[in-house]
Asks: 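Structure below; questions to follow.
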Amino acid sequence: MFENGRLPTQDRLHWKHDPPDMKCPLCKNFMDSHDHLFFLCTFSLEVWRTIKHDTCLYGFDERWENIRAALIQGRGPWKKEQRLALQASVYCIWRERNRRLFANRSNDAIFVIKEIREVVLQRMAWMTFEGACSYG
């Protein structure tokens, strides 16, 4: 869903009555849309730039349409850690968005960055463990 821009952001939902405030729940400045959320929003951009720095993705794009094109053309992140960091960034930013929209709770960018780092480290540890096991 994410790769094809089909996440149910507010700009894609159909409202029976007047739509709610459709501002981005993360920055409250622009309309909540797929392109804005990944990674034009000031909140998600701060998160993405930090994660890019953590995983040495220097020069990797910050606009989803360009990231998607790079992935399709095989110019995306090559290292497992970098691919996991991109996936975890999308997941954790989406989760923070939903937390703010539906649970009336919010965390700062530092919390989301820590969440992403934990997801990547846990997944890398699991992949190492899987590789160490021999089946049958």
Asks: Would you say Leu26 ends up clustered with Trp94 if hydrophobic residues are merged whenever their side chains have heavy atoms under 4.5 Å apart, either directly or through other cluster members?
Replies: yes
Asks: Could you measure the distance from the NZ atom of Lys23 to the NZ atom of Lys28? Nearest 0.5 Å is fine.
Replies: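 Going from NZ on Lys23 over to NZ on Lys28, the span is 11.0 Å.
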Asks: Starting at CD1 of Ile67, measure out to CD of Glu62 and round the result to the nearest 0.5 Å.
Replies: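 The CD atom of Glu62 is 8.0 Å from CD1 of Ile67, to the nearest 0.5 Å.
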Asks: Between Phe43 and Glu96, does the side chain to side chain contact (heavy atoms under 4.5 Å, CB included) criterion hold? Intermediate values first, please.
Replies: CA-CA 10 Å; Phe43 180 92; Glu96 179 60 25; 4.1 Å; yes
Asks: Looking only at heavy atoms, which two atoms of Ile116 and Cys92 are closest? And how far apart?
Replies: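 For Ile116 versus Cys92, the nearest heavy atoms are CG1-CB, 3.6 Å.
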Asks: Closer than 3.5 angstrom, by distance alone: can the side chain of Gln82 be matched with the main-chain N or O of Thr55 as a donor-acceptor pair?
Replies: yes
Asks: Say you draw a straight line from CZ of Phe39 to CZ of Arg49; how long is it, rounded to the nearest 0.5 Å?
Replies: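 One finds 11.5 Å between CZ of Phe39 and CZ of Arg49.
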Asks: Are more than 12 heavy atoms from other residues, nucleotides or ligands located less than 6.0 Å from atom CG of Leu121?
Replies: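 More than 12 heavy atoms, drawn from other residues, nucleotides or ligands, come within 6.0 Å of this atom.
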Asks: Evaluate the ring planes of Trp48 and Phe60, with Trp represented by its six-membered ring, and classify them as parallel (under 30°), tilted (30 to 60°) or perpendicular (over 60°).
Replies: perpendicular
Asks: Looking at every non-hydrogen atom in both residues, tell me the closest pair between Glu46 and Ile113 and how far apart they are.
Replies: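 Nearest pair, atom of Glu46 first, then Ile113: O-CD1, 4.4 Å.
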Asks: Below 4.5 Å, heavy atoms only, C-beta onward: do His36 and Met31 meet side chain to side chain?
Replies: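 A side-chain contact is absent here, since even the closest heavy-atom pair is not under 4.5 Å.
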Asks: Would you name the heavy atoms of Leu84 and Arg123 that are closest together and state the gap between them?
Replies: CD2-CG, 3.4 Å
Asks: Could you tell me which non-hydrogen atom of Cys27 sits nearest to which non-hydrogen atom of Thr42, and how far apart they are?
Replies: CB-OG1, 3.5 Å
Asks: In this structure, would Ile51 and Met124 fall into the same cluster of hydrophobic residues linked by side-chain contacts under 4.5 Å?
Replies: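 Linked, Ile51 and Met124 end up in one cluster.
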Asks: To the nearest 0.5 Å, tell me how far Arg83 CZ sits from Lys80 NZ.
Replies: 7.0 Å
Asks: Looking at Arg100 and Ser106, what are the two nearest heavy atoms and their distance?
Replies: NE-CB, 3.4 Å
Asks: Between Glu65 and Arg63, does any NZ, NE, NH1 or NH2 come within less than 4.0 Å of an OD or OE carboxylate oxygen?
Replies: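 So Arg63 pairs with Glu65 through a salt bridge.
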Asks: Got a second to check how far Leu57's CG is from Glu81's CD, nearest 0.5 Å?
Replies: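 Going from CG on Leu57 over to CD on Glu81, the span is 9.0 Å.
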Asks: Looking at every non-hydrogen atom in both residues, tell me the closest pair between Phe38 and Ile93 and how far apart they are.
Replies: CE2-CG2, 4.0 Å
Asks: Hey, what do you get for CG (Asp32) to SG (Cys41), rounding to the nearest 0.5 Å?
Replies: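 Going from the CG atom of Asp32 to the SG atom of Cys41 covers 9.0 Å.
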Asks: Start with the C-alpha distance between Leu37 and Trp64, add both sets of side-chain angles, then the distance that settles side chain to side chain contact (heavy atoms under 4.5 Å, CB included), and finish with yes or no.
Replies: CA-CA 9 Å; Leu37 196 58; Trp64 173 245; over 6 Å; no
